[in-house]
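Order of the sequence lines fixes the chain letters, A, B, ..., with proteins taken first and strands second; residue numbering starts at 1 for each chain. Because only heavy atoms are used, hydrogens play no part in the values below, and waters and symmetry mates are left out as well, while side chains stay in.
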Amino acid sequence: MSTLSERILGAASGEFVERTVDRAYVHDGTGVLTLESYRQMGAGGLADPSRLHVIFDHIVPANNSTTATLQHELRDFAKSSFMQFSDAGGGICHQCMSEGIVLPGEVVVGADSHSCTLGAFGAFATGVGATDMAAIWLTGETWFRVPETIAIRLTGALAEAAEAKDLALTYVSKLGMDGATYRALEFIGESAGPLSMDDRLVLCNLAVETGAKTGMFYADGVTERYLAGYGVTAQRQAAEPCSYTKEVDIDLSDVVPLIAVPPRVDTVKPVHDLAGLPVDQVFVGTCTNGRYSDLARFARIVAGKKVAVRTIVVPASRAVLAEAVRTGVLADIIAAGCMVGTPGCGPCLGAHLGVIGEGEVCLSTANRNFKNRMGVNGEIYLSSVATAAASALEGEITEPVVP
Amino acid sequence: MQGTGKAICLPSDIDTDLIIAGRYLRTKDRRIWAEHVFEDLDPKLAPRLAGAVIVAGKNFGCGSSREQAAIALKEAGVVAVVAPTFARIFFRNAINIGLPVIEADLACTEGKAVTFDLSAGWVDAGTGRKKVAPLSQRMLAIVQAGGLVPYWKVKR
Ligand code: SF4
């Protein structure tokens with residue numbers, strides 16, 4: 001009787017295994033170093049470029065000529081080596097991989113810590129650094145230590161204005177920033193099945209904020225229907241009894257809108273307790289909350305009104321942007337006075353647009369609020385989309401109401 | 001594989017943004033990373049890292065997958081990092097670039113000599129040898145080769 005990780009990796013927890021990687025991806029940030037390590041290894045050719053993705057998302061379009069030159073070199077390499085290449089504007093790597101590429105049961109490795117997001121499909125998806133990735137380019141394989149698993153058992157239903165992000169912040173605060181180091185998370189229980197793919201992606205996205213190797217859902221009818229939308233056929237995975245090292249029970253009806261206060265993701269407070277705190281910038285987007293459903297929820301709240309502070313909305317991918325254009329969601333966002341950025345990471349990593357100034361406060365829908373991440377001596381508060389929308393309208397942290 | 005260095009004591013949950021800030025990543029010049037390592041934690045720390053063994057609290061290297069964090073430490077002259085637990089991507093990255101990482105909960109005295117033996121599996125911060133779980137054969141081979149790049153160069 002195995003956990004999902006044990007089943008996919010084909011060995012018991014604690015064992016070291018060598019596995020072929022079904023999908024591997026880098027972005028413009030980690031790709032440059034990966035290419036350098038790959039070349040130093042005396043590159044004899046890519047193992048299988050059809051499984052290797054290069055996705056430009058971190059600084060897009062390039063902010064200066066140094067970045068542009070580094071990107072130029074990586075772009076040339078990716079194209080001339082027939083890798084799967086997505087140029088600036090295509091979207092965030094994790095989002096692009098979630099649009100009909102990653103399948104249940106696959107072994108997926110990204111050169112980015114939030115690669116755990118793709119565990120939402122019932123894949124074993126995890127992050128590595130550049131040199132590990134270079135060896136995958138070369139051999140098509142890598143090693144893993146099969147993780148023990150912590151179960152997050154979900155019951156009840158989300159109430160009022162609480163959303164998946166609030167649930168994610170709840171489990172991160174319960175486990176702590178290293179509560180699941182070296183382990184995998186499995187989201188199970190009667191309320192796991194009803195969650196949409198977008199909600200599952202949010203929950204798996206934050207797994208690494210507890211130190212986890214990956215966060216996973218069993219592939220089911222929801223997964224099947226979502227992937228069918230991309231013309232892909234998926235196999236369901238039946239859960240079987242297995243032993244978890246720990247179980248955390250969460251009743252969704254207890255979850256309230258939360259904010260992670262700087263500089264730790266595991267330090268959360270109810271939005272209620274922080275209401276009235278002035279913010280200088282609101283940012284809606286990222287691999288956590290930049291999907292179409294997020295933009296639509298944001299638009300429903302701000303439509304017909306005006307935001308009171310500078311507000312940046314960045315769609316997670318070109319497909320998300322196109323859908324928001326098609327349905328009129330984008331028009332509502334723009335009419336409310338928001339700025340809209342190129343699909344990608346946007347201000348999340350503090351490397352180009354939307355950097356905040358000294359002493360400034362940003363309310364963001366991202367997953368990290370580490371010191372100085374979005375700008376030196378600026379502070380980042382993390383929240384759901386509904387909280388970000390309500391706060392953007394008031395210019396201060398504001399409790400969301402049922403949309 | 002043995003080593004020694006003077007202790008630099010750091011707290012728990014040192015994230016990769018604190019080790020090397022995102023604003024210094026868009027370059028291939030490793031000296032820039034070494035120069036700005038820990039800048040947002042303590043700007044006076046970088047020049048003191050040559051020949052040092054970092055003795056940190058739990059969850060060292062949490063956060064992003066940026067390998068520049070491990071590289072910055074190695075370039076700045078760090079001999080090894082000791083912590084009760086590491087974030088797993090940082091741990092792999094360190095091994096992959098040939099920076100010894102040791103899982104142990106040590107009482108740290110600033111400046112005191114820390115000695116370790118990776119193959120035998122012990123570390124000594126001046127209070128006697130403490131046994132630590134040895135690295136797997138494969139990880140040890142990678143660190144001994146100086147990292148995954150030289151390891152693969154030879155293996156191929
Ligand atoms: S959106 Fe932010 S957290 Fe997600 S991949 Fe980009 S930089 Fe990383």
* Structure fact -> Assert top hit (heavy-atom pairs under 4.5 Å, partner chain B, pool T69(A), D28(A), V128(A)) equals V128(A)

* To do: For chain B, find which of E209(A), M177(A), R145(A), R368(A) contributes the most heavy-atom pairs closer than 4.5 angstrom.
  => R368(A)

* Tell me, for N93(B) versus chain A, whether the close heavy atoms (under 4.5 Å) come from the side chain, the backbone, both or neither. => side chain

* Is a salt bridge present between R373(A) and D17(B), judged by a nitrogen-to-oxygen distance below 4.0 Å? -> yes

* To do: Decide whether S113(A) and R66(B) meet the rule of one side-chain donor and one side-chain acceptor closer than 3.5 Å.
  => no

* Where do T131(A) and R92(B) land on the side-chain hydrogen bond (donor to acceptor under 3.5 Å, both in side chains) test, with the steps shown first? -> CA-CA 9 Å; T131(A) 302; R92(B) 278 182 87 122; over 6 Å; no

* With a 4.5 Å limit on heavy-atom distance, are the side chains of R138(B) and F16(A) in contact? -> no

* Asked: Should E73(A) and K28(B) count as side-chain neighbours, where that means a heavy-atom distance under 4.5 Å?
  -> yes

* Taking all non-hydrogen atoms of both residues, which atom of G63(B) and which atom of F370(A) are closest, and how far apart? -> CA-CE1, 3.8 Å

* Which portion of S136(B) sits near chain A, non-hydrogen atoms under 4.5 angstrom -> side chain

* Flag yes if more than 12 heavy atoms outside Q137(B) fall under 6.0 Å of its CD atom; otherwise flag no. => no

* Heavy-atom check, side chain of D13(B) versus side chain of R264(A), under 4.5 Å -> yes

* Toward chain B, the part of A134(A) with a non-hydrogen atom under 4.5 Å -> neither

* Tell me, out of N372(A), V32(A), T181(A), who's got the most heavy-atom pairs with chain B below 4.5 Å. => N372(A)

* Based on non-hydrogen pairs under 4.5 Å, which of G129(A), A111(A), P263(A) is most in contact with chain B? -> G129(A)

* To do: Heavy-atom distances under 4.5 Å only: say whether I95(B) touches chain A with side chain, backbone, both or neither.
  => neither

* Asked: If you tally heavy-atom pairs under 4.5 Å against chain B, which of T66(A), D112(A), N63(A) wins?
  -> D112(A)

* Asked: L18(B), I89(B), T85(B): which one forms the most heavy-atom pairs within less than 4.5 Å of chain A?
  -> I89(B)

* Structure fact -> Residue from S64(B), P150(B), G147(B) scoring the most non-hydrogen pairs under 4.5 Å with chain A is S64(B)

* Distance from R88(B) atom CZ to R183(A) atom CZ, nearest 0.5 Å? -> 13.0 Å

* Asked: Measuring heavy-atom distances to chain B, does T139(A) have an atom under 4.5 Å in its side chain, in its backbone, in both, or in neither?
  -> side chain

* Side chain, backbone, both or neither of S37(A) within contact of chain B (heavy atoms, under 4.5 Å) -> both

* Select, from T30(A), N64(A), L33(A), the one with the greatest count of heavy-atom pairs under 4.5 Å involving chain B. => L33(A)

* **E67(B) side-chain N/O to A130(A) backbone N/O, donor-acceptor pair under 3.5 Å** => yes

* To do: Check whether any side-chain N or O of Y182(A) sits under 3.5 Å from a backbone N or O of A87(B) as a donor-acceptor pair, and report yes or no.
  => no

* Would you find a donor on one side and an acceptor on the other, under 3.5 Å apart, between the side chain of K58(B) and the backbone of D178(A)? -> no

* Tell me, for V376(A) versus chain B, whether the close heavy atoms (under 4.5 Å) come from the side chain, the backbone, both or neither. => side chain

* Does L41(B) reach the side chain of K371(A), with side-chain heavy atoms less than 4.5 Å apart? -> no

* To do: Find the distance between CE (M41(A)) and OH (Y151(B)) and round it off to the nearest 0.5 Å.
  => 11.0 Å

* To do: Check whether more than 12 heavy atoms from other residues, nucleotides or ligands sit under 6.0 Å from atom CZ of R30(B), and answer yes or no.
  => yes

* Quick one: what part of F86(B) sits under 4.5 Å from any heavy atom of chain A, side chain, backbone, both or neither? -> both

